[in-house]
Amino acid sequence: EVKAFLNNETFANGALVGPEPILVVQLVDSSGINLSTTGIGHQLTATLDGDTKKVYVLNDFFESAPNSYRAGSIRYQLPALSEGSHTLQVKGWDAANNSSQVTLSFRVIKNKTFRILRVINFPNPFTSKTTFRFDHDLSSQDIRVSVQVFTTSGALVKSIQRTINTGGNRSCDIEWDGNNDHLARLKTGNYYYMLKVTASNGVVEKRSGNLMIF
């Protein structure tokens, strides 16, 4: 069995990716994985857009699962891809020379700006916990989210990092319990936060807001 993703296992067919995605492949077979490079046409390969001139041989990037010849994985840095729609056909062979393949469909975007449509934290003021919520106009791609909470004098007291893929849902929630980075409860008072969102193509948007703990 061959499973393939771009960047990580949350990838869904048709997703948007940056121009240099990482191919992630997982292989499992009860008879073992064929890693021989001597058999004609029996290599682990990825073919871009059905083009026989764009075939990437993946054998050297295979890593066996611990104590097993029946499973393993591959991480392969694809070259810079042109903007637009692409397919990637990944094919592998088992020790009995049976093949299995999977085809990924995706769209490459470059330097595309996006919008953070709304940022709130609710409840605000809060005592035990609050949720940062923001809406965006990205879809089906990994986005990196950073929330930093500061005192009114500018001291950083809390950093939250998340990687989120919301599929068709473009609203993201990040919960916070009001503790600082040392797991100590913050004092009652006013704070402000900076929310930074990084799209899969590296474009960054930031928004700030105020909150109160009581």
Side-chain angles (χ1 to χ4, degrees), residues 1-110 112 136 138-145 161-174 197-202:
E1 181 184 16
V2 177
K3 294 182 178 179
F5 314 88
L6 293 180
N7 296 322
N8 60 52
E9 288 79 0
T10 64
F11 173 85
N13 257 350
L16 305 177
V17 299
E20 297 183 11
I22 295 173
L23 173 63
V24 179
V25 182
Q26 298 172 350
L27 302 106
V28 179
D29 194 277
S30 58
S31 65
I33 310 300
N34 186 348
L35 296 175
S36 173
T37 58
T38 58
I40 297 176
H42 284 190
Q43 295 175 317
L44 297 173
T45 58
T47 304
L48 181 66
D49 299 328
D51 188 343
T52 56
K53 296 180 181 179
K54 296 179 180 179
V55 177
Y56 310 112
V57 178
L58 308 175
N59 293 54
D60 291 343
F61 300 89
F62 179 83
E63 293 187 6
S64 297
N67 304 315
S68 176
Y69 65 91
R70 296 184 175 94
S73 61
I74 294 168
R75 291 182 63 86
Y76 180 77
Q77 175 64 69
L78 292 166
L81 303 177
S82 60
E83 193 165 19
S85 297
H86 295 277
T87 61
L88 194 66
Q89 184 186 73
V90 181
K91 188 173 186 177
W93 298 80
D94 65 15
N97 286 330
N98 299 307
S99 67
S100 182
Q101 64 186 33
V102 64
T103 300
L104 304 180
S105 300
F106 59 97
R107 186 156 61 91
V108 172
I109 55 173
K110 295 181 181 180
K112 178 188 174 185
H136 58 86
L138 299 169
S139 182
S140 299
Q141 64 172 285
D142 288 345
I143 55 176
R144 299 192 302 277
V145 183
Q161 308 286 336
R162 297 282 190 277
T163 298
I164 298 172
N165 189 314
T166 56
N169 179 8
R170 301 183 184 186
S171 179
C172 299
D173 293 350
I174 298 176
V197 179
T198 306
S200 61
N201 63 348

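Computed from heavy atoms alone, side chains included, the values below leave out hydrogens, waters and symmetry copies.
Residues Leu104 and Leu23 meet the side-chain proximity criterion, which asks for heavy atoms closer than 4.5 Å. Counting heavy atoms from C-beta outward, Ile74 and Leu27 have side chains that approach closer than 4.5 Å. Here the side chains of Gln161 and Arg144 are not in contact, with every heavy-atom distance at 4.5 Å or above. Using a 4.5 Å cut-off on side-chain heavy atoms (C-beta onward), Val197 and His136 make no contact. Within the 4.5 Å cutoff, the side chain of Asp29 has no heavy atoms near those of the Ser100 side chain.
Note that the CG atom of Asp60 and the CD atom of Gln43 stand 9.0 Å from one another [nearest 0.5 Å]. To the nearest 0.5 Å, the span separating CD on Gln101 from CG on Leu44 amounts to 12.5 Å. Ile22 contributes atom CD1, which lies 10.0 Å from atom CG of Leu6 (distance to the nearest 0.5 angstrom). For the atom pair CD1 of Ile164 and CD1 of Ile143, the computed distance is 5.5 Å after rounding to the nearest 0.5 Å.
Under the salt bridge (charged side-chain N to carboxylate O under 4.0 Å, His left out) criterion, Asp49 pairs with no residue at all, not counting sequence neighbours. Applying the side chain to side chain donor-acceptor pair (under 3.5 Å) criterion to Gln26, with sequence neighbours excluded, gives Glu9. In this view, Asn8 and Thr10, Asp142 satisfy the side chain to side chain donor-acceptor pair (under 3.5 Å) rule, not counting sequence neighbours.
Remark: side-chain polar atoms of Asn13 are paired, donor with acceptor, to backbone N or O of Ser105 under 3.5 angstrom.
Val2 and Gly92 get closest at one heavy-atom pair: CG2-N, 4.1 Å. A pairwise comparison of heavy atoms in Gln77 and Pro21 identifies NE2-O, 3.3 Å as the closest pair.
The aromatic rings of Phe11 and Phe106 stand perpendicular to each other, their planes meeting at an angle above 60°, with 30° marking the opposite boundary.
Open room surrounds CD on Glu63; 12 or fewer heavy atoms of other groups in view lie less than 6.0 Å from it.
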Would Leu48 and Leu81 count as a side chain to side chain contact (heavy atoms under 4.5 Å, CB included) if you check the C-alpha gap in whole Å, the side-chain angles of each, and the deciding distance to 0.1 Å?
CA-CA 10 Å; Leu48 181 66; Leu81 303 177; 3.7 Å; yes
Leu78 vs Tyr56, test: side chain to side chain contact (heavy atoms under 4.5 Å, CB included). Steps then yes/no.
CA-CA 9 Å; Leu78 292 166; Tyr56 310 112; 4.0 Å; yes
